[in-house]
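To keep things clear, I will list the structure first and then write my remarks on it.
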Amino acid sequence: MQWKEYKQSCYECRCCPLCETRRNVVFGVGPEDADVMFIGEGPGEQEDKTGEPFVGAAGQLLDRMLSIIGLSRKNCYIANIVKCRPPQNRDPLLTEQDACYPWLEAQIEYVAPKIIICLGRIAAMKLIREDYRITKEHGTWTERNGIQMTAIYHPSALLRDVSKRPETFSDLLNIREKVREIAPKTFEY
Ligand code: URA
């Protein structure tokens with residue numbers, strides 16, 4: 001199947017009950033040849049309304065975090081573990097994550113990033129390790145299938161708890177170093 005058709009079938013997905021309550025499938029945004037990919041948890045209310053990831057309050061903070069290190073939506077790809085909004089913004093259930101995972105897996109294969117940054121524990125537990133401890137392990141690097149992976153606190157967590165921001169700032173600087181080292185074209189978009 002061509003990528004365009006694949007994307008279209010994702011927009012019509014009925015693989016889990018989240019399809020019953022969604023307004024829009026939030027597929028992902030960014031250049032489809034990006035070397036850097038950010039993966040969050042799942043759409044919230046604003047994302048469900050607009051069909052774009054990270055456009056609410058957490059998204060505005062994410063934009064500021066990216067700009068600190070010279071990144072932006074123009075040079076990174078942004079997606080989520082689940083593409084439909086969990087009601088009341090609850091954590092996506094494992095069954096929902098598993099049902100949605102093949103879409104993300106294909107997306108990662110298609111975009112073929114060199115670096116993946118998980119935003120928060122849900123993404124880290126799905127993509128890095130089931131027992132990933134974000135409080136202890138954020139900012140550390142792991143390689144998976146030739147992709148450098150790390151996790152930082154979710155921007156929503158940083159909105160709730162500003163004491164986590166200094167640690168995240170140093171994680172961001174460390175991410176900038178990694179991007180300079182293995183994906184310098186990112187800064188040229
Ligand atoms: N939180 C997420 O994890 N993803 C979004 O797209 C928005 C908020």
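Predicted model, so just to flag it, every value in this text is computed and none were measured. Counting convention: from 1, in listed order, for ligands and their atoms alike. For the numbers below, each heavy atom of this structure counts, side chains included, while hydrogens, waters and symmetry mates do not.
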Please determine if [X] has a nitrogen or oxygen closer than 3.5 Å to a nitrogen or oxygen of ligand 1.
X    : answer
F54  : yes
H154 : yes
G40  : no

Next item on the list: Would you mind listing which atoms of ligand 1 come within a distance below 4.0 Å of any non-hydrogen atom of E41?
Entry: 2 (C), 3 (O)
Note to self: Show the atoms of ligand 1 that are less than 4.0 angstrom away from any heavy atom in P53.
What the structure shows: 6 (O)
Whether the [X] and [Y] side chains hold a donor-acceptor pair (N or O, under 3.5 Å, no angle test) is what I'd like checked.
X    : Y    : result
Q107 : Y6   : no
Q2   : K7   : no
E167 : H138 : yes

Note to self: With a cutoff of 4.0 Å, is E52 in contact with ligand 1, counting heavy atoms of the residue only?
What the structure shows: no
Check: Does ligand 1 have an atom that lies less than 4.0 angstrom from a heavy atom of G42?
Finding: yes
Check: Nearest protein heavy atom to atom 4 (N) of ligand 1, by residue and atom, and its distance?
Finding: N80 OD1, 2.8 Å
Next item on the list: Between E47 and ligand 1, find which residue part has any heavy-atom pair under 4.0 Å and reply side chain, backbone, both or neither.
Entry: side chain
Item checked: N89 versus G44, closest heavy-atom pair with distance -> OD1-CA, 3.6 Å
Next item on the list: Could you pull out the closest heavy-atom pair between P166 and V162, with the gap in Å?
Entry: CD-O, 3.8 Å
Margin query: Could you walk me through whether E32 and W3 satisfy the side chain to side chain contact (heavy atoms under 4.5 Å, CB included) test, starting with their C-alpha distance in whole Å, then the side-chain angles of each, then the deciding distance to 0.1 Å, before giving a yes or no?
Written below: CA-CA 11 Å; E32 289 180 341; W3 180 241; 3.2 Å; yes
Note to self: Would K178 pass as a cation-pi partner of W141, given that its NZ or CZ must be under 6.0 Å from the six-membered ring centre and within 45 degrees of the axis?
What the structure shows: yes
